[in-house]
Structures are given as C-alpha cells and as structure tokens.
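One structure is given below, encoded as structure tokens.
Positions are given from 1, in the same order as the sequence printed here.
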Amino acid sequence: MIAVPSRQYFPSDRLIQAFLLLGSLLFMTAGLILPLGELFVKCLTDSQGNFAGMANFVRFFTASSLATGLYHSLYVSFMSTLVALPPAFIFAYAMTRTPIRGKPFFRHIAMLPLFAPTMLMGISLIYLFGRKGIVTTGFFGLLPWLGVDIGLYGATGIIIAEAILVFPPSVMILMTALSNSDARLYEAAEALGAGRPEIFWSVTLPGVKYGVMSAAFVCFTLVFTDFGAPKVLGGNYSVLATDIYKQVVGQQNFNLGASISIIMLMPTLLAFIADNWLRRRQEGVITSRSTPLVPKANAWRDCICYLFCIGGSVVILSVFLTAVFASLVDVWPYKLALSLKHYNFKEYGGGGYTAFWNSIRLATYTAAVGAVMTFGTAYLVEKTRRLVWLRRAAYGLSLIPLALPGLVIGLAYIFLFNSTAFSVAGLKIPNPLAQLYGTMILLVVCNVVHFYTVGFLTASAALRQIDREFDLVAESLSVPFYVMFRRVTLPLCLPAVIDIAGYYFVSAMATVSAVIFLYTPDLQLASVAVVNMDDAGDSAPAAAMSVLIVLANIVAKGVFELSSKRARKAAERWRSR
C-alpha cells in the first residue's frame with residue numbers, strides 16, 4: 001500500500017485561499033448584508049430619519065387596504081400552488097414513469113415560461129380572456145357559442161398566470177423526486193398481489209412526498225413574491241408586491257415600503273426553512289442497494305399521459321403564440337392584418353431597442369461575473385480543509401439570497417446605494433458605495449446576488465462528484481491548489497460552469513422585480529420597458545418586447561447547451577486519458 005502523506009499547506013496557498021474567501025465574504029457583505037441592514041433600519045424610522053419603532057408596522061396592519069394585500073398574497077399563493085401542482089405531477093410522472101415518445105419536446109415546451117418575463121403571462125391572458133380577448137369574443141365572432149368571460153382581472157387572472165409561471169420549477173422538482181425510486185419496492189408490491197392503484201397510493205406517493213412538499217413550498221414562494229403577473233392583471237386587487245411598488249414609486253413612502261418588504265419576507269423565509277428541512281429528509285431515500293426503476297409499457301396509462309402532455313404543451317404554446325400574434329396585429333381586435341409596427345419602439349416609451357441591448361449586456365456581464373463568483377466560492381468552500389470559520393460563513397451567506405424576494409433586494413439597494421452619507425451618533429459618514437447607483441455595475445451585482453444560491457448549489461454539487469483522491473495526489477506531489485484547479489477541477493466541472501452562466505443569463509434577461517427600483521432613464525432595461533409600456537396602455541409593444549426577451553433567451557440557452565455538451569465530451573476524453 002502506498003502511503004499518502006498528510007495534507008501539507010504551503011503558506012502561500014493558505015494565504016491565497018484566505019484572501020479569496022475574504023473577497024467573497026466582502027462581496028456578499030456589500031451586496032447582501034449591508035443592504036438588508038439598511039432595510040431593517042428604514043422600517044424602524046420615519047420619513048425624517050427619526051426612530052419610529054413599530055409605528056410603520058402598526059400603520060400597515062391598521063390600514064385595511066394594506067392588510068388586505070397580505071391576505072390577497074396568501075390567497076393567490078395558496079390557490080396557484082393548488083392549481084399548478086396536480087398537472088405538474090402528472091407531467092413529471094409521464095416524463096419519468098412512462099415510455100411515451102417525444103419526451104425531449106415536451107420537456108422543452110414545459111420549460112418555456114422560464115424564458116419569459118412574468119408580465120408576458122398576464123399580457124397573453126388579456127389577449128385570450130380579456131374583454132376583447134380571443135376566447136371572450138368567441139374567436140372574434142366566428143364561434144360565438146364558445147365565447148365566455150371568466151372575469152380575468154383580479155384573483156382569477158393572477159392565479160392562472162402564476163400557475164403557468166410555477167409549472168416549470170414544479171415539474172423539475174417532481175421529475176427529480178420521481179426519478180429517485182427503488183424498483184425493488186414495486187417488485188415487492190407486485191409480488192404481494194397489489195394492483196396498480198394500490199401501488200400508486202402505497203408506494204409511489206409515499207416515496208415522493210418530500211418532493212411534492214418541496215415543490216409546494218417553491219410554488220408558494222414564487223407566487224408570493226412575484227410582481228409581474230399581479231401588476232398586469234391585478235387591477236384593484238392588490239398584493240404585497242404591488243403594494244411595495246405603489247408605496248415606493250407612486251407615493252415615495254420608502255419607510256412604509258421597507259416595512260411591507262419585511263412582512264413579505266416572513267412567509268418566504270418560513271417556506272425556505274421548511275423546504276431546506278425537507279431536502280435534508282429526502283437525502284436518505286436512496287441507498288447504495290437501490291435499483292433504478294425502468295418504465296414499463298401500459299397502453300391505457302401511456303395514452304392518457306401522452307394526451308395530457310400534448311394538452312399541457314398546447315396550453316403553454318397558446319400563451320406564447322398569443323403574445324407573438326398580438327405583437328404582430330395592426331390594431332387589436334379591429335384590424336387583424338399582420339404588421340411589424342409594434343416592433344418600432346421609437347413611438348413608445350420604455351427605451352426601445354436601447355433597453356433591449358442594455359438587457360443583453362446586463363445578462364452577459366451577469367453570466368460572466370456570476371459564474372466566476374459562485375463557482376470560485378463553491379470551490380473554496382468544498383476543496384479547502386482549513387479556514388473552517390471562513391468557509392462556514394461563505395456557505396451560510398451563499399444560501400440567504402434564495403429566501404429573499406427580488407423586490408426586497410431591489411428596495412434594500414436603494415437605501416444603501418442611493419444614500420450619499422449615513423448618520424451615526426449625529427455624525428455624517430460619507431457613503432463610498434453611492435457612486436455605484438445608476439450604473440451597470442450595480443445592476444450586475446444585484447442580479448448576481450439575487451440568483452446566487454442556485455448557481456452556488458449547482459457548483460457545489462459538481463465539485464462533490466470529483467474524487468478526493470485527485471487532491472491527495474496533488475498534495476503528495478506538492479502541486480499548488482491553483483495548478484490543480486486549472487488542470488483538473490475546472491476541466492471536469494466546466495459543463496456545470498457553463499450551465500451556471502446560462503442560468504444567470506436567462507434569469508437576468510427575464511427578471512423585473514429586483515431591477516424595477518434600480519434602473520435610470522439613461523440605463524433602461526427590456527423587462528422594465530414591458531412594465532412601463534403596459535402602464536401606458538401600449539399592450540402590443542409590451543408583448544413585442546416580451547417576445548424579443550423570450551427569443552433572446554432561447555437563442556442564448558441553445559448556445560449555452562451546445563457549449564455544455566462540447567465541454568462534457570471534452571471532460572469525458574480527459575477522464576479516458
């Protein structure tokens with residue numbers, strides 16, 4: 001047996017690693033902890049900066065219109081989760097437990113809502129079920145007997161839009177849960193004479209219960225914190241997200257907006273804690289002796305699942321194709337001739353193609369900076385044995401953004417970066433971060449922090465798949481850690497890095513909640529332009545801008561996936577050497 005020497009750290013290695021970890025902690029402190037601290041300060045002060053205690057919270061709960069927004073948020077979140085989960089479960093079941101054809105096509109269609117700003121769902125539903133919508137008018141009078149008014153504006157429209165919005169993440173979580181099943185349990189149930197319904201209720205559902213609950217918490221959180229769909233479809237039906245927007249943008253009441261943000265944060269934080277607990281419980285389901293479950297053909301079940309997947313794909317495609325159609329129609333619904341005039345944004349507000357290219361730039365910078373930051377931090381946390389407290393601090397800070405709504409982060413950034421000085425014990429201390437306000441740098445930092453956790457967890461999962469033996473061999477040969485990183489770790493994990501960059505790009509293009517408070521007239525963004533054009537009554541140009549965002553994300557996702565596949569092939573060749 002070859003003796004492997006104990007880990008020897010070069011002083012320079014440990015110093016460099018400590019310096020890099022401190023840099024990561026400094027970034028998260030400036031981009032997360034300080035803004036949240038300033039948000040908490042604002043919610044406890046009045047508009048003059050004087051300490052107000054709980055006065056802002058008392059004002060919120062005593063004002064019936066504001067307290068109603070909390071009830072509305074909880075109601076639409078619960079109902080949207082209830083509406084979205086059953087079809088998501090059936091879809092995920094069809095993808096994992098049946099041998100139906102066309103699975104890649106169905107999966108790609110199911111993921112389409114991830115590429116769109118959330119306002120697109122609302123805009124498309126207006127063109128479908130609004131007062132002059134396709135369905136409401138019976139396909140423009142051609143099929144009047146099909147005309148039906150569902151009362152779109154308010155809770156009904158928000159729930160439908162949110163159910164479509166949360167369908168993709170629900171499917172992904174449930175597919176993972178359904179994929180991790182032990183075939184031996186099903187063989188034992190069949191050997192005991194259990195029928196298919198009994199097997200489903202006694203084996204399948206108990207095996208995926210944690211996945212279902214996790215999907216429910218994710219759905220609830222996403223709906224509770226969403227701004228786009230309620231902004232377009234809410235009307236007089238207020239929710240917390242639109243209340244924050246009204247208080248900050250409409251009434252310039254930043255302190256009450258901060259208090260509403262803290263209230264919005266509470267259910268989200270509880271859902272995050274519950275979901276994290278469920279994920280830990282899920283880890284013990286699969287053992288080393290588990291046997292993968294191979295789907296078996298069943299004519300009736302497969303036919304039903306296939307028809308369901310077709311129906312779900314038609315619903316999602318209808319939403320997106322309606323947006324495309326609306327963006328091309330000359331004058332809805334009176335002149336249905338196709339035209340590109342709504343893509344000439346010079347006649348409308350919002351920034352036009354300048355805003356679109358600003359978003360492309362922002363997404364590109366976010367993808368590059370986010371991939372480097374998250375993977376670098378994950379590498380230091382996973383592969384460094386010493387510096388325990390720094391690693392734990394970096395890991396803890398990396399998980400916090402997942403529990404923070406985008407509106408809360410954006411509002412916190414206003415308080416920190418838009419203030420030229422801080423008042424401490426009667427002294428005015430200049431704020432060196434104020435110069436970042438209104439710049440592309442701040443928008444990049446905001447997006448990186450907002451989507452940090454998913455990238456970090458993805459990188460951590462990829463790094464944990466690399467055998468520790470590589471590190472031990474490098475140590476025995478006195479190879480510095482950065483050489484090991486460049487020659488071994490990065491080539492093996494490059495597909496994950498590319499996937500992280502693709503996630504950042506798509507998210508930065510589509511998001512509106514985190515940046516709605518941070519853009520300036522000189523730095524407008526495409527997703528914010530959709531909100532502004534819809535506010536001005538320019539629904540068709542808003543649909544056109546949404547279509548451009550979706551197309552940009554589809555093209556970018558294709559490029560990232562192609563690059564990731566090539567990186568995986570290169571990694572496989574590296575392993576075979």
Margin query: Can you pull out every salt bridge (Lys or Arg N to Asp or Glu O under 4.0 Å) where at least one residue sits in residues 523-551? Sequence neighbours excluded, please.
Written below: K231-D535
Check: Which pairs pass salt bridge (Lys or Arg N to Asp or Glu O under 4.0 Å) with one or both residues in residues 340-365, sequence neighbours excluded?
Finding: D330-K341
Next item on the list: Kindly write out the residues that satisfy side-chain hydrogen bond (donor to acceptor under 3.5 Å, both in side chains) with T377, not counting sequence neighbours, or none if the list is empty.
Entry: S24, Y452
Check: How would you list, by chain and number, every residue that makes a ring pair (Phe, Tyr, Trp, His ring centres under 6.0 Å) with F517, sequence neighbours excluded?
Finding: none
Compile the donor-acceptor pairs under 3.5 Å between side chains in residues 163-174 and protein atoms, sequence neighbours left out, one pair per line.
unit_1: S170; atom_1: OG; unit_2: V166; atom_2: O; d: 2.8

Notebook entry, point to check: Sequence neighbours excluded, which residues qualify as side-chain hydrogen bond (donor to acceptor under 3.5 Å, both in side chains) partners of Y343?
Noted result: S327
Under 3.5 Å, which donor-acceptor pairs link side chains of residues 75-90 to any protein atom two or more places apart or in another chain?
unit_1: S77; atom_1: OG; unit_2: S73; atom_2: O; d: 2.6
unit_1: S77; atom_1: OG; unit_2: F224; atom_2: N; d: 3.2
unit_1: S80; atom_1: OG; unit_2: V76; atom_2: O; d: 2.6
unit_1: T81; atom_1: OG1; unit_2: S77; atom_2: O; d: 2.8
unit_1: T81; atom_1: OG1; unit_2: F220; atom_2: N; d: 3.4

Margin query: Going by ring pair (Phe, Tyr, Trp, His ring centres under 6.0 Å), name the residues that satisfy it together with Y348, two or more places apart in sequence or in a different chain.
Written below: none
Margin query: Looking only at the side chains, is there a donor atom on one of T45 and N255 sitting less than 3.5 Å from an acceptor on the other?
Written below: yes
Next item on the list: Nearest 0.5 Å please: distance from the CG atom of L525 over to the CG atom of L443.
Entry: 5.5 Å
Note to self: Applying ring pair (Phe, Tyr, Trp, His ring centres under 6.0 Å), can you list everything that pairs with F139, at least two apart in sequence or on another chain?
What the structure shows: none
Let me have the donor-acceptor pairs involving side chains of residues 112-131, under 3.5 Å, with sequence neighbours excluded, atom names and distances please.
unit_1: T118; atom_1: OG1; unit_2: D226; atom_2: OD1; d: 3.2
unit_1: T118; atom_1: OG1; unit_2: G228; atom_2: N; d: 3.4
unit_1: S124; atom_1: OG; unit_2: L120; atom_2: O; d: 3.1
unit_1: S124; atom_1: OG; unit_2: V319; atom_2: O; d: 2.8
unit_1: Y127; atom_1: OH; unit_2: A540; atom_2: N; d: 3.2

Item checked: salt bridge (Lys or Arg N to Asp or Glu O under 4.0 Å): pairs with one or both residues in residues 240-268, sequence neighbours excluded -> none
Note to self: Filter on ring pair (Phe, Tyr, Trp, His ring centres under 6.0 Å), then keep only pairs touching residues 234-260, sequence neighbours left out; what's left?
What the structure shows: H72-Y237, F227-Y245
